[in-house]
Amino acid sequence: MSPLAQPPVQAPTQTLAESVVQSVDWLAIAPPTIAAVVGLAVLVADLFVGDGRKTLLGWASVAGLVVSLLALLPLLDGDRATFCLTGAPDVCSYTADRFTLVVQFLALGGALLAALLSMTALTDEKKTLPAGEFWFLLLSSAAGAALLPASRDLATLIVALEVASLPAFALVGIRLGDRRSSEAALKFFLSSVTATAVSLLGISFVYATTGTLYLTEIADRIQNVDGQLHTVTQAGVVLTLIGFAFKTAAVPFHFWVPDTYVGAPLPVAAYLSVVGKAVGFSGLILITVVALPSYADVWGPALAALAALTMTVGNVGALKQQSTRAYSAVRLLAWSSVGQAGYLLVPIAAAAYAENTDDAEKAIGSTVAYALMYAAVNLGAFAVAALVGRTKLLNRVSDYRGLYATNPLSALLLAFFLLCLAGLPPGIIGLFAKVTVFSAAVDAGLGWLAVVMAVNVVIALFYYLQWTALLFRAPEGEPEPHRVPAPLTVAIALTGIVGIALSGAPQLILRFADTGLF
């Protein structure tokens with residue numbers, strides 16, 4: 001038989017099962033997986049641990065979060081990805097790149113500090129806070145928060161968002177027999193469910209016009225959408241942004257924040273103020289700069305307007321707090337967190353006006369750098385608030401008068417944290433972070449937004465300095481000493497060390513915030 005007559009050699013065919021089943025990079029998914037597994041183990045162990053030994057569950061949870069953080073170290077060598085499309089190894093559902101690792105560090109580190117605060121709260125309120133359920137919910141939410149920055153398709157993104165959010169509803173309302181806690185949980189639940197519904201509607205529009213859920217493929221296909229579907233695509237972009245604006249507590253979607261923080265156990269409020277924001281902002285960054293860069297003319301001006309409105313309403317709300325009102329210290333921190341969310345939105349908006357990917361990445365790095373600074377000092381402020389709240393149950397700003405006389409170190413650290421949030425020396429890291437945000441706005445040609453931010457920084461100075469000055473005034477009545485439990489001491493010390501170290505070398509935080517998203 002001639003060579004021409006020989007039958008062609010057929011390539012081996014791949015069965016359907018072989019095309020679907022793939023290997024999993026367990027090292028890449030280790031950080032959120034460890035947190036989730038430890039959460040399940042703690043829930044089961046709660047059935048066999050007596051009431052007198054419930055603190056073991058807390059230490060096991062803390063250890064689990066420490067191991068989750070250590071699992072980030074092997075991932076520093078290079079980017080890793082898993083759950084990829086067959087035949088398209090660069091299109092994946094889970095990516096452990098630089099951006100992922102930085103946000104996972106922020107989320108898991110914030111959860112670890114909230115866990116240390118929670119150990120003291122559970123000891124003080126053991127009759128109203130069930131230990132096993134509390135630790136399970138906290139670790140489950142932390143696992144979702146660590147999963148979200150690694151998500152590179154819309155389905156995984158929404159699942160991670162809900163895994164982080166659903167346990168948080170229960171954490172807010174977990175205090176037994178407390179109407180204020182139940183009301184806060186209901187407000188949080190209704191607002192978050194609304195946000196999720198709006199996001200899903202927007203995502204369904206985007207999927208209908210692009211035919212894919214993967215972020216990188218959406219970025220390619222959305223540029224070539226049929227003209228008849230252009231309006232549907234724009235509606236999808238806007239609705240998706242509105243949904244994430246709820247999650248980031250951007251105005252006018254912020255109404256749930258003050259009551260939720262006041263009604264929740266204080267460690268949960270601290271957790272929401274930092275980890276909840278990390279979840280919302282990382283999702284917003286992935287949606288805008290990764291999936292929808294071609295629609296920057298839609299989301300850029302929208303986020304700039306939201307940033308201006310959010311920082312203004314948040315700071316004015318904090319300014320109006322009366323120092324003698326019950327829970328005014330927590331309310332002030334809640335309104336302050338809304339104002340800080342406005343600052344965090346500025347560089348994301350600036351990325352829409354970037355002329356190239358390097359400028360866009362620099363802007364996103366500014367957001368991540370600011371988030372790292374905010375996380376450390378805000379958790380520190382909540383830690384001192386938890387200390388004062390052990391003896392002053394109403395936790396009013398006026399209760400902090402003369403704190404220096406009873407606990408000098410805590411007073412000095414709280415003053416440092418407040419000055420960092422205000423952006424004043426010796427809180428150099430706060431000043432440095434604000435300058436990077438200012439620079440991002442100016443470089444993007446958003447001079448008007450930089451002016452709005454400058455005005456808001458001045459407004460914030462008033463209430464931060466007012467609280468700081470109160471710490472060093474002569475106390476009213478007999479000074480009441482504050483006994484600091486070991487977990488609370490560790491939490492205050494860790495946040496203080498991080499804040500002081502970064503103030504000494506603020507350039508380190510920008511190196512750490514090199515996201516590598518592009």
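Just so it is clear, the values below take in all heavy atoms, side chains as well, and ignore hydrogens, waters and symmetry mates. The residues of the chain are indexed from 1 along the displayed sequence.
Every residue meeting the side-chain contact (heavy atoms from CB on, under 4.5 Å) condition with Val262, not counting sequence neighbours, appears here in chain and number order: Arg180, Tyr327, Val330, Arg331. Partners of Ala208 according to the side-chain contact (heavy atoms from CB on, under 4.5 Å) rule, which considers only residues two or more places apart in sequence or in another chain, do not exist here. Take Lys277 and apply the salt bridge (Lys or Arg N to Asp or Glu O under 4.0 Å) test, not counting sequence neighbours, and it matches no residue. Taking the salt bridge (Lys or Arg N to Asp or Glu O under 4.0 Å) definition, one finds that Glu183 meets it with Lys187, sequence neighbours left out. Partners of Ala114 according to the side-chain contact (heavy atoms from CB on, under 4.5 Å) rule, which considers only residues two or more places apart in sequence or in another chain, are Tyr271. Not a single ring pair (Phe, Tyr, Trp, His ring centres under 6.0 Å) links Tyr94 to another residue, sequence neighbours left out. For Ala291, the side-chain contact (heavy atoms from CB on, under 4.5 Å) partners at least two apart in sequence or on another chain are Leu215, Ile218. Partners of Phe188 by ring pair (Phe, Tyr, Trp, His ring centres under 6.0 Å), not counting sequence neighbours, listed by chain and number: Phe169, Trp256.
Closest heavy-atom contact between Leu449 and Ala304: CD1-O, 3.7 Å.
Among pairs with a residue in residues 307-318, none fulfils salt bridge (charged side-chain N to carboxylate O under 4.0 Å, His left out), at least two apart in sequence or across chains. Here salt bridge (charged side-chain N to carboxylate O under 4.0 Å, His left out) pairs that include residues 306-318, with residues two or more places apart or in two chains, number zero.
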What pairs of donor and acceptor atoms, side-chain ones from residues 332-350 against any protein atom, are under 3.5 angstrom apart with sequence neighbours left out?
unit_1, atom_1, unit_2, atom_2, d
Ser336, OG, Tyr464, OH, 2.4
Ser337, OG, Ala334, O, 2.6
Gln340, OE1, Tyr370, OH, 2.5
Gln340, NE2, Tyr464, OH, 3.2
Tyr343, OH, Asn315, ND2, 3.2

Identify every side-chain donor-acceptor pair in residues 199-207 under 3.5 Å, counting partners at least two apart or on other chains, and give the distances.
unit_1, atom_1, unit_2, atom_2, d
Ser199, OG, Ala195, O, 3.1
Ser204, OG, Leu200, O, 3.4
Ser204, OG, Leu201, O, 2.6

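Judged purely by atom type and a 3.5 angstrom limit, Trp299 uses its side chain to pair as donor or acceptor with the backbone of Leu292.
Side-chain contact, Thr196 with Glu162: a donor N or O sits under 3.5 Å from an acceptor N or O.
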